[in-house]
Amino acid sequence: MSRRNFLKNLSLSTGGLLLSPAMRAAQARNPLQIPDRYDGTMVDSRVTYSLRPQEGLTEFIPGLKTPTLGINRSYLGPTLVLKRGDDVELNVQNALPEKTTLHWHGLHVPAKADGGPAQIIPPGGSWSPRFRIDQAAGTFWYHSHLLHKTGEQVYHGLAGMIILEDESTDRHSLPRDYGVDDIPLIVQDRRFNSDGSFDYIRSHRDVMTGLFGDRILVNGTLDAVFRPKTTRVRFRLLNAANARTFTFAFDDGRTFSQVATDGGLIEKPIACKSLILAPSERAEIVVEFNAKEPCTLINLPLPAGSQFATRGMMARMHSGNDERFDLLRIEPAATLQHSPEIPTVLAKIPRLNPSDAVTTRKLTLSMAMGMGLGRAGSGGGNFFINGQAMDMEVVNYRVRKDTVEIWEITNDSMMMHPFHIHHSQFQILDRNGKPPKADEKGLKDTVKIGPGETVRFIMRFETYADPNTAYMYHCHILEHEDNGMMGQFTVE
Ligand SMILES: [Cu+2]
């Protein structure tokens, strides 16, 4: 057997561990970039933010310029800091030569302000949604949501973090010094061409599994290193990859504390050694460090037997979630400033009661197999919800304002789909009939649905009514969303 075939066979037999030579530990270490914190400016009693989607060139790889998209910069955008109770205006001035949208992922906003596929901003155009911030503190994000082009625009950089603060933010002893001990980690995988440009969709497989890269960017930094100056650091983990699921852990197996899910603080910290986030999911974790004791934030393969693993004939073409690689090198300073203990009680989350639900909506996610995948080949897409691909002309559900509903999502495909719904945070009732584990008891806007699984969640549709403008629900594997796995609902 030639060495090449030996390696090929070995890589298949180890579940793809050798598939990505670029995932090897890199030698160069670049200081972790921290996106600028953007608090906005007060204009006529509104906190106003100016956001400018634009093209740029970004040097991820020394000596090579990558054509990218960014917001107020060449790649990604500033971290928007929003405060509960504030009236805000987000002025988006589209400096791109193409249309775009900006969606405030996880925020409770009017449908017209949501930044979904209907709120298109033409090249040179602007869009200035206004709304009041009224939800719990947490980590959210904003990104392009352009119909059929979300994957491509987010991949090139149209995304940023949102930190929402409320009355609890100053009360808790959680680390909150942005860029010092409160650190955004926007984690993405990318594939580069030899000229440094991003390599987006190349094959049917890239659409079918969603696009997987073989290099990791954290806040747009390749081979990043972070140097803590305090004994505790809060990391705001955002899986901003198009398709890859990350299983976050540390190379020395250390325990850390999860303190928040997608929609904000959980009731009490959860001690854990690993944490799985699918695309668009967030978690806040607090990690303890000792001076001069480095470690590495890594990605582990999905645990053996995970319900989120790809099954059947798809499993062999989809090893991307089975690789181990480094995400962020961490090198604490020689002396660390002491951080206070984290609180034992974080928040009180009032539970919604299933007996208050006026209806249960049943949605089934599915995908067509075989060739001809991708919109270009098939016209309509190969990813479905209840057998239908996304159609801008179809409002799939009309929800009555101020009602509570249960949504029951079933996955009738061979791979996991992270299901995301706009409008509000939900609470998971059960997964395959069993109550959610601790890390799924908090507020969520995205939930992993493994192959064959059924998840029920409960949600209240309050505050905003608009029979003419829809909110979206969709798979957050962006290539699936772009190719049909999305639907629309109104609240009226
Ligand atoms: Cu999907």
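Whatever order the structure lists ligands and atoms in, that order sets their numbers, starting from 1. Along the sequence shown, residues are numbered consecutively beginning with 1. All values below were derived from every heavy atom in this structure, side-chain atoms included, with hydrogens, water molecules and symmetry-related copies excluded.
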* Asked: Could you give all pairs that pass the salt bridge (charged side-chain N to carboxylate O under 4.0 Å, His left out) test and reach residues 301-312, with sequence neighbours left out?
  -> none

* Asked: Does Tyr75 have its ring centroid less than 6.0 Å away from the ring centroid of Phe60?
  -> yes

* **Listed partners of Arg431 passing side-chain hydrogen bond (donor to acceptor under 3.5 Å, both in side chains), at least two apart** => Glu440, Glu453

* Asked: Are there any protein N/O/S atoms under 2.8 Å from the Cu ion (ligand 1), and if so, which?
  -> His417 ND1, Cys475 SG, His480 ND1

* **Whether Tyr471 side chain and Gly116 backbone form a donor-acceptor pair below 3.5 Å** => no

* Partners meeting side-chain contact (heavy atoms from CB on, under 4.5 Å) with Asn193 (sequence neighbours left out) -> Asp195, Ser197, Asp199

* To do: Check whether any side-chain heavy atom of Leu90 sits under 4.5 Å from a side-chain heavy atom of Tyr142, and report yes or no.
  => no

